[in-house]
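Here is the naming used below: chain letters follow the sequence lines, and residue numbers restart at 1 for every chain.
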Amino acid sequence: MKIYNTLTRKKEEFIPIEKEKIRMYVCGPTVYNYIHIGNARPLVVFDTVRRYFEYKGYQVNYVSNFTDVDDKIIARANEEGIDPTQLSERYIKEFQKDTKGLNVKPATVHPRATLEIDGMIEMITELIEKKHAYEKNGTVYFRTRSFPQYGKLSKKKIDELEAGSRIAVNDEKEDPLDFVLWKPKKEGEPFWNSPWGEGRPGWHIECSVMSRKYLGDEIDIHAGGEDLIFPHHENEIAQTESCTEKEFARYWMHNAFINVDHKKMSKSEGNFFTVREIEESYPYSVLRFFLLSVHYRSPINFSKESMEASKNGLTRIQTAIEQLEYFKQIKEKNQMQNIKLTDQEKVLVQEIEEWNQKFDMAMEDDFNTADAITAIFELVRLANTNLSANSSLEMLQITSFKLLSLCDILGLEVLKKKESLEQEVERLIATRQEARKAKDFAKADEIRKTLADMGILLEDTREGVKWKRI
RNA sequence: GGCGUCUUAGCCAAGUGGUAAGGCAUGGGACUGCAACUCCCUGAGCGACGGUUCAAAUCCGCCAGACGCCUCCA
């Protein structure tokens, strides 16, 4: 398996530290609002990475944090006149609702910054002891120049960084590049006691601490959005490696951004969408499918057109699977009839195997989900063109199982839950069938229209009338 | 200014040296009472120019355009 490693800017063969276990940390959201579609991308992408590892038989220890103390949270809480904890609590709940909808598996551990303050104080203390950090008037800074490899992830030269004029002048710091580990409390802000007085942690330290606590000094994969490369991940490396003197993470994975109408999504541009807003127009599964239709390291452009295309494509996959399930039901009722594969079907099974291999190869190549999806569509075509209620039960089972498992690796929910029709609806369908039999098509169409208005779409197939909710 | 990325059919998107996957949309056809679903058919020489090579979308150079990071940000 090959993974593109931001650290080396190359695709590298993936070799886990432990043979069958993977330690993976993904930087989580700051919980001050509903998650937006940009947040959804790393959630879906790295969940898919995890699912693929699990499919390959690895046990994945997946840690993702909640940043629940930060300027934005405090500002927002003050606006609403509530406690920051209440605010973050609320949006963690909303996060869970959205991620569940997106079929993102819960992390093995979901640590919260505010519950890990002790660990942060400990690590900051360790950094001070090792002369990698210093305190000034209640603020603790990381001594950036004490970590000679600073810049190795973002490929920035430490001297060029300093030459950049964007770093604000601060007389307290020994060096303009030094960044905050702990800051003193301000009026109206949450605070914790520390050896340096009351205050709260800087942003970067939390991930270093939580990753180390739950996954150990060295981990396999550290992931997040590409904007985190600098300074967040660069600083994490500096903090952690200064303490442990070991390599923090072997592979650094970063997803590219999502654009809206080819522009960076931002509130000021007015092209900002939360996942919740999108969910009003498209099921979560369509958003997930859309996000996986482009390689994770390429920018993806969100638009109505692309969502429509994703919706239609996903529907086609769903229709094929529903059809297979329907055929299987018929076969299971007639248990005596052609159970075993025919010779012709054996050829098809081989073809399915080949597409499965193509799927795997695409995923092995740095998780090329866009390419992997191709294999799913080929299986859909194979099923639609070759299979029917006359196929052998084994053939139907193999095809259905294969399609479902490939979709499951991508976290695509394609099998809808069984629904029962209200009696009134059933009666209308029966009446319509009678009308059709009597060639009273006007009446039949009228009933179909009535049901359509109720959100029930009828399809007259060879196997009888089918319906689905729209 | 520094670092980096991208440019493939109407739209989306794989493909990184041997002569362009797939999806969506469009048009035509089959099926259908009509639809829907499904199936078949339908389209590009890969931003421009120059170079390397027997051979380039794929390597090199240059130009144009789009974009990201360098500052809170997924």
Asks: If you look at every strand shown and take non-hydrogen atoms under 4.0 Å, does A:Asp460 touch a base, only sugar-phosphate, or nothing?
Replies: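 Touches a base.
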Asks: Below the 4.0 Å mark, does B:C73 have OP1 or OP2 next to a side-chain nitrogen or oxygen of A:Trp203?
Replies: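 Indeed, a polar side-chain atom of A:Trp203 lies that close.
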Asks: In terms of the nearest nucleotide of RNA chain B, which residue is placed more toward the 5' end: A:Arg436 or A:Lys155?
Replies: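 Its nucleotide being nearer the 5' end, the pick is A:Lys155.
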Asks: Would you say A:Phe377 stacks on B:G22, if stacking means ring centres under 5.5 Å apart and planes within less than 30 degrees?
Replies: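 No, A:Phe377 does not stack on the base of B:G22, since the centre distance and plane angle fail the 5.5 Å and 30° test.
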Asks: Give a yes/no answer on whether the side chain of A:Arg381 brings an N or O atom under 4.0 Å of OP1 or OP2 in B:G23.
Replies: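 So the side chain of A:Arg381 is within the cut-off, an N or O lying under 4.0 Å from OP1 or OP2 of B:G23.
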Asks: Which is more 5' along RNA chain B, the nucleotide nearest A:Met265 or the one nearest A:Ala442? Just name the residue.
Replies: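 Residue closer to the 5' terminus by nearest nucleotide: A:Ala442.
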Asks: What is the nucleic acid contact for A:Ile258, judged by heavy atoms within less than 4.0 Å: base, sugar-phosphate only, or nothing?
Replies: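 Since a base atom lies under 4.0 Å of A:Ile258, the category is base.
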Asks: Would you say that more than 12 heavy atoms from the other residues, nucleotides or ligands in this model lie under 6.0 Å from the CD of A:Gln350, or not?
Replies: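 12 or below, so no.
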Asks: Rounded to the Å, how far apart are A:Asn259 CG and B:U7 C1'?
Replies: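 One finds 14 Å between C1' of B:U7 and CG of A:Asn259, rounded.
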Asks: For the pair made of CG in A:Asp371 and P in B:A14, what is the distance, rounded to whole Å?
Replies: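 Going from CG in A:Asp371 over to P in B:A14 covers 9 Å.
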Asks: Hey, is the side chain of A:Lys264 poking within less than 4.0 Å of OP1 or OP2 on B:C69, counting only N and O atoms?
Replies: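 Looking at the OP1 and OP2 atoms of B:C69, one of them is under 4.0 Å from a side-chain N or O of A:Lys264.
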Asks: Is the phosphate of B:G4, meaning OP1 or OP2, less than 4.0 Å from a side-chain N or O of A:Arg297?
Replies: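 A:Arg297 to B:G4 OP1/OP2: no side-chain N or O under 4.0 Å.
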Asks: Between A:Lys156 and A:Glu234 (salt bridge meaning N to carboxylate O under 4.0 Å), is one present in this structure?
Replies: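 Between A:Glu234 and A:Lys156 there is no salt bridge, as every charged N stays at least 4.0 Å from the carboxylate O atoms.
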Asks: Examine B:C37: is either OP1 or OP2 under 4.0 Å from a nitrogen or oxygen in the side chain of A:Asn384? Give yes or no.
Replies: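 No, because none of the side-chain N or O atoms of A:Asn384 sits under 4.0 Å from OP1 or OP2 of B:C37.
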